[in-house]
Amino acid sequence: LYLDMPHVFETSSLAVPSQNNMEFTGEINSLRGLRFGNVTGYWHGESYSKNENLTKLEFSSTKSLIGALLRGKIDIAVGNKPVITALTKEMGVGGRLRFLEPKIDYAPDDIAFPKANQDAPELVVQYSDAFRDFIKTAMYLQIPTQYDFQNPRQLMAQLPGSSRPHGCC
């Protein structure tokens, strides 16, 4: 059973070397012919993940993905901007990548309780109420800012036609 709102929204972004002046209109097929890279096992939205017209290489880790992009083995890295940004800093290559806009996918990260737990329905209500109060605090607002995630309320307001169950956000 899921809380009535996501705790954060993850996004999938396109990263290129900072000296690359590539533009992106939001139409992934406009980049056909370029070499994309992503970490194995991650979903980056239907327009990318199910797109068989793109040349895609898979990597075992985000660090390997970043290295391949910087060495020119791929033209575009696909991944989570906060993760890629943090790892480029850790690897000592911060500032050598830039992110294209718009992002290619927005997906909620939900918190869930197992249905097998007898108390799950009550826990979902209690936790949802507590979380709804928590996201109004300055402490919560520091988390998305620190890790470059978007606040669920802010993102829901930006997405046209988006809706969440139970009147989320």
Side-chain angles (χ1 to χ4, degrees), residues 1-16 18 24-26 28 36-50 58-66 69 76-169:
L1 298 174
Y2 293 94
L3 297 190
D4 64 3
M5 69 181 300
H7 66 285
V8 72
F9 276 80
E10 270 193 85
T11 58
S12 291
S13 294
L14 303 179
V16 296
S18 52
F24 179 55
T25 63
I28 196 83
F36 289 81
N38 59 272
V39 176
T40 304
Y42 285 93
W43 177 259
H44 297 290
E46 195 163 325
S47 68
Y48 176 79
S49 294
K50 287 192 172 182
E58 293 191 333
F59 296 86
S60 60
S61 71
T62 304
K63 284 184 177 182
S64 299
L65 175 67
I66 294 166
L69 180 63
I76 301 172
V78 180
N80 179 272
K81 181 179 178 181
V83 172
I84 292 172
T85 300
L87 287 174
T88 58
K89 289 177 186 172
E90 181 183 304
M91 295 166 67
V93 294
R96 293 192 47 203
L97 301 181
R98 70 180 184 87
F99 293 91
L100 305 178
E101 291 292 338
K103 294 168 178 58
I104 61 169
D105 189 48
Y106 295 86
D109 281 353
D110 292 301
I111 297 173
F113 291 91
K115 290 179 183 178
N117 183 335
Q118 292 178 342
D119 298 330
E122 184 178 324
L123 289 171
V124 166
V125 171
Q126 290 174 354
Y127 202 94
S128 292
D129 289 345
F131 185 70
R132 202 173 295 105
D133 290 340
F134 178 58
I135 66 170
K136 296 174 187 172
T137 68
M139 183 186 289
Y140 172 78
L141 292 176
Q142 289 174 0
I143 297 168
T145 300
Q146 180 177 348
Y147 295 101
D148 198 25
F149 283 96
Q150 286 190 272
N151 177 304
R153 288 183 184 277
Q154 293 169 336
L155 186 57
M156 291 304 295
Q158 293 174 13
L159 297 177
S162 67
S163 63
R164 293 287 299 168
H166 313 294
C168 161
C169 309

May I have the list of side-chain donor-acceptor pairs in residues 40-49 shorter than 3.5 Å, sequence neighbours left out?
{"residue": "Thr40", "atom": "OG1", "partner": "Glu58", "partner atom": "OE1", "Å": "3.4"}
{"residue": "Thr40", "atom": "OG1", "partner": "Phe59", "partner atom": "O", "Å": "3.4"}
{"residue": "His44", "atom": "ND1", "partner": "Ser12", "partner atom": "OG", "Å": "2.8"}
{"residue": "Tyr48", "atom": "OH", "partner": "Asn38", "partner atom": "OD1", "Å": "2.7"}
{"residue": "Ser49", "atom": "OG", "partner": "His44", "partner atom": "N", "Å": "2.9"}
{"residue": "Ser49", "atom": "OG", "partner": "Gly45", "partner atom": "O", "Å": "3.4"}

Distance from [X] atom [atom1] to [Y] atom [atom2], nearest 0.5 Å?
X: Ile104; Y: Ser13; atom1: CD1; atom2: OG; value: 7.5 Å
X: Phe134; Y: Tyr127; atom1: CZ; atom2: OH; value: 8.5 Å
X: Leu1; Y: Asp110; atom1: CG; atom2: CG; value: 12.0 Å
X: Ile76; Y: Phe24; atom1: CD1; atom2: CZ; value: 8.0 Å
X: Leu97; Y: Leu14; atom1: CG; atom2: CG; value: 12.0 Å

| For Ser60, all residues meeting side chain to side chain contact (heavy atoms under 4.5 Å, CB included), sequence neighbours excluded |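 Applying side chain to side chain contact (heavy atoms under 4.5 Å, CB included) to Ser60 gives Ser64.
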Between [X] and [Y], is any pair of side-chain heavy atoms under 4.5 Å apart?
X: Ile84; Y: Phe99; value: yes
X: Asp133; Y: Tyr140; value: no
X: Thr11; Y: Asp105; value: no

Side-chain donor-acceptor contacts of residues 111-120 below 3.5 Å, not counting sequence neighbours, with atom names and distances?
{"residue": "Asn117", "atom": "OD1", "partner": "Asp119", "partner atom": "N", "Å": "2.8"}

| Minimum heavy-atom distance between Arg132 and Asp129, given as atom pair plus value |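 Shortest heavy-atom contact: NH1-OD1, 3.1 Å.
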| message | Which heavy atom of Thr25 sits nearest to which heavy atom of Pro102, and what is that distance? | response |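 Looks like C-CD, 4.0 Å.
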| message | Within the supplied structure, the quantity of interest is the number of heavy atoms (other residues, nucleotides, ligands) at a distance under 6.0 Å from Glu101 CD; does it exceed 12? | response |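 Yes - once you tally the heavy atoms of other residues, nucleotides and ligands closer than 6.0 Å, there are more than 12.
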| request: Keeping to residues at least two apart or across chains, list the side-chain hydrogen bond (donor to acceptor under 3.5 Å, both in side chains) pairs with something in residues 84-100. | output: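 Those involving residues 84-100 are Lys63-Glu90.
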| task | Identify, with sequence neighbours excluded, every residue that meets salt bridge (Lys or Arg N to Asp or Glu O under 4.0 Å) alongside Asp109. | result |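 Checked Asp109 against salt bridge (Lys or Arg N to Asp or Glu O under 4.0 Å); zero matches.
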